[in-house]
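Sequence positions, counted from 1, serve as the residue numbers for this chain. Worth saying up front: this structure is predicted, and the values here are computed from it rather than measured.
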Amino acid sequence: MNEQYRGFNLYGSCEPISETLLGRVSQWKPTGCIAYKGREGAITELTRFQFPMPFDDEPVAKWFGLEIARILLDSSYRDFVIARYESQKRRVVESRLRSRPRR
């Protein structure tokens, strides 16, 4: 699951928790990330998380991962805006260094 929220891309997903050696999936652990899409179209991930609370239902775990991403963004919005700015600034500096003629 993903959505645009306050200028960022939020992703909610889940990972299986296997109870047996045969790999029978019985529960799901919510995961997610907060990213942004740059000017050149590249998606840059700012943070990724795993939540330790297991769910029996896969869609519910994915939805919960998306909601956790939304809560993280709301609670630390200023920090994510600064991280996005610093990441974009770093890309501009790197592209200028690459395009500079060598001597």
Pairs satisfying ring pair (Phe, Tyr, Trp, His ring centres under 6.0 Å), at least one member in residues 74-98, at least two apart: none
Within 6.0 Å of CZ in Arg6, more than 12 heavy atoms from elsewhere: yes
Partner residues of Tyr5 under the side chain to side chain donor-acceptor pair (under 3.5 Å) criterion, sequence neighbours left out: Asp74
Straight-line distance of Thr31 OG1 to Leu66 CG, nearest 0.5 Å: 11.0 Å
Those residues that, when tested against Ser87, pass side chain to side chain donor-acceptor pair (under 3.5 Å) (two or more places apart): Tyr36
With Gln88 via side chain to side chain donor-acceptor pair (under 3.5 Å) - residues at least two apart: none
Backbone of Leu72 reached by a side-chain donor or acceptor of Ser75 within 3.5 Å: yes
Contacts of type side chain to side chain contact (heavy atoms under 4.5 Å, CB included), residue Gln4, not counting sequence neighbours: Asn9
Pairs flagged by salt bridge (Lys or Arg N to Asp or Glu O under 4.0 Å) wherever residues 79-88 is involved - sequence neighbours left out: none
Shared hydrophobic cluster, Ile17 / Val60 (ILVMFWY, side-chain heavy atoms < 4.5 Å): no
Under 3.5 Å donor-acceptor pairs involving side-chain atoms of residues 49-57, not counting sequence neighbours:
| from | atom 1 | to | atom 2 | distance (Å) |
| --- | --- | --- | --- | --- |
| Gln50 | NE2 | Glu15 | OE1 | 3.2 |
| Gln50 | NE2 | Glu15 | OE2 | 3.2 |
| Asp56 | OD1 | Gln27 | NE2 | 3.2 |

Rounded distance [0.5 Å steps], CD1 in Ile82 versus CG in Leu46: 12.0 Å
Audit row: Ile34, Leu10, side-chain contact (heavy atoms from CB on, under 4.5 Å) steps and yes/no: CA-CA 5 Å; Ile34 298 173; Leu10 304 182; 3.8 Å; yes
Cluster link Trp63 to Trp28, ILVMFWY, side chain under 4.5 Å: no
Residues clustering with Tyr11 (ILVMFWY side chains joined when closer than 4.5 Å, directly or via others): Ile43
Shortest non-hydrogen contact from Cys33 toward Ala69: O-CB, 4.2 Å
Contacts of type side chain to side chain donor-acceptor pair (under 3.5 Å), residue Thr44, not counting sequence neighbours: Arg91
Residues clustered with Leu97, ILVMFWY side-chain links under 4.5 angstrom: Val93
